[in-house]
Amino acid sequence: MLSIDTIAVFYKELQAIWDVSLDVNDGEIVALVGPNGAGKTTILRVISGLIQPSAGKISFQGQNISHVPPHKIVELGLSQVPESGKIFTGMSVLENLELGAYVARARKDRSASLARVFEIFPRLAERRNQLAGTLSGGERQMLAIGRALMSEPRLLMLDEPSFGLAPILVEHMFETIRKINQQGLTILLVEQNVQASLELAHRAYLLENGRIVGEGKGKELLSFESVRSAYLA
Amino acid sequence: MFEGLSQNLVFGILVGSLYGLAAMGLSMIFGVTKLLNVAHGELIMFGGYACFWAFSLLDIDPFLTIPLAMLALFLIGAVLYSLIFSRTIKLPDESKVKNSLLVAFGLSVILQNLALRFWTADERGVTPAYYQTSFTALEVRFPLVRLASFAVALIFLIALRLFLKNTYTGKAIRATVQNWEAASLMGIDIHKVYLLSFSIGAALAGVAGTLVVTNYSIQPAMGLGWTMKALIVMVLGGLGSIPGTFIGGLILGVTESATSFFINSNYREVAGLILFVLVLIFRPQGLFGTKES
């Protein structure tokens, strides 16, 4: 579904990503894990079109999207929940969700999508008229995911959905991601929480210093000695 | 004394609504694009000439020329943005403000000279048949033209607010202001949002221009004075609040007329500038603005 072929990314003269290739197949949960600063967020930003790769190719459902602007990528069905949610704090919960369904493809189904999001996150329904800035950390993350679901994506990218959440909420969040995936949505998950995401993911890639250093089935990777010593010690 | 004072207050408010409208366009453009368009006064002037032309050549009532002036300035705004400002918008925030300031300053000189060529340096005004009509209530005189201008300004304030609050496009504009990156991840084409906001700001300048030419008169060098007023009002009202901008206009209008009443009308502009400096020192986010989070 999504295929990244040996991309390189620079911030000005500084190279952040070297020869990264990865694939996400239909229906999968793929995790991209690695330490802080490895370039995980950069990869998601490149896929979403917020920055341009200087080499390599990204294709989504057979179409080359390496140089397609971000709003068109959303229209194609590839949505991202950015790091720390980035919800519109000055707008109500409902307005945030409406904006999620901004693209023409999603706008016509927005009442059905809204009902579905409220079913997944009943808390958002309770707070629909509240200003998003008044939500708690967990609720903000729910809103960010709900907002992305409103665009009816075929592939959802999540950047650190567990960041800053209490352990009980993290568990709940991962459970929700599994549920959304079982309903047929393909997921690319970026996480620092290696244990939880490797347990959740079908396949995973290990990223270090801008390069892929390992890849495998999620639970397999979890048993690798190098992964265990590096991340789970 | 008392009638004089209340008459003065009423005039201050009526004039102030015009200042508020003049600033709304500037504030819209700056709020969304972070471009400081100091050629805003020239856009107001063009709106005024559009009204003058329609009135003197086609004999259209000045208030009915508003849609015409709006459309003309909307298009001029779109062209100016596409040709010029779309190039400065890609810069980082701080140099964006500086560069847009320089570019817009140059643009204002060009627009002034264009106006000189098209309409000469003569002062122009429009005088409809009801120009002298006024009502009196509680011994205060309300000239019809000023009252109608106040109503127009109020209507556009409400319309702009409803547009930003309730339409999908308005929400997209607000989302872009809050976080352009998140907005583009929603599928919003932020460059289209910038283009549209700039054009709407210019269209509002067009409306303000028709009111200026109907209430006062216009000439090619008028732009800077109106840019200054709009700037003062924008800072006074604070960014991000359209009603705040309008109230800022009223405050400037009343301050000016109170200054002419109590001190001397020569000092009215000075009073506005003093107000400007005081707000910058004591409440830099403006009276109704919110601090950037």
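In what follows, every chain begins at residue 1, and chains take the letters A, B, ... in the order their sequences are listed. Remember, predicted model here, so these are calculated numbers, not experimental data.
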Could you tell me the separation between the CD atom of B/E181 and the NZ atom of A/K86, rounded to the nearest 0.5 Å? 6.0 Å
Is atom CZ of B/F105 surrounded by more than 12 heavy atoms (other residues, nucleotides or ligands) closer than 6.0 Å? no
Select, from A/S151, A/A148, A/P82, A/G90, the one with the greatest count of heavy-atom pairs under 4.5 Å involving chain B. A/G90
Tell me, side chain or backbone of A/A101 under 4.5 Å from chain B's heavy atoms, or both, or neither? both
Do B/M186 and A/M150 come within less than 4.5 Å of each other through their side chains, counting heavy atoms only? no
Within the distance-only criterion (no hydrogens, no angle test), does the side chain of A/E75 pair as donor or acceptor with the backbone N or O of B/G187 below 3.5 angstrom? no
Would the number of heavy atoms belonging to other residues, nucleotides or ligands and lying under 6.0 Å from CD of B/E94 be above 12? no
Inter-residue atom distance A/S48.OG - B/L185.CG, 0.5 Å rounding: 5.0 Å
Options B/I190, B/V177, B/D189, ranked by heavy-atom pairs under 4.5 Å with chain A, top entry: B/D189
Residues of residues 156-169 of chain B within contact distance of chain A, non-hydrogen under 4.5 Å: B/K165, B/Y168
Starting at NE2 of A/H71, measure out to CD1 of B/I188 and round the result to the nearest 0.5 Å. 10.5 Å
What part of A/R105 lies closer than 4.5 angstrom to a heavy atom of chain B: side chain, backbone, both or neither? neither
B/Q178 side chain to A/T89 backbone, donor-acceptor under 3.5 Å: yes
Considering residues, nucleotides and ligands other than A/K57, do more than 12 of their heavy atoms fall under 6.0 Å from its NZ? no
I'd like to verify something: which residue of A/L50, A/V81, A/I87, A/N96 has the highest number of heavy-atom pairs under 4.5 Å with chain B? A/L50
Exceeds 12 heavy-atom contacts within 6.0 angstrom, atom CG of A/N209: no
With a 6.0 Å cut-off (strictly less than), is the heavy-atom count around CZ of B/F276, excluding the residue itself, greater than 12? yes
Closest-packed option against chain A by number of heavy-atom pairs under 4.5 Å, given B/A183, B/A175, B/A182: B/A175
When A/R147, A/E98, A/R107, A/K72 are compared by non-hydrogen pairs under 4.5 Å with chain B, the top option: A/R107
For residues B/K171 and A/L99, determine if any side-chain heavy atom of one lies less than 4.5 Å from a side-chain heavy atom of the other. yes
Within 6.0 angstrom of A/H172 NE2, more than 12 heavy atoms from elsewhere: no
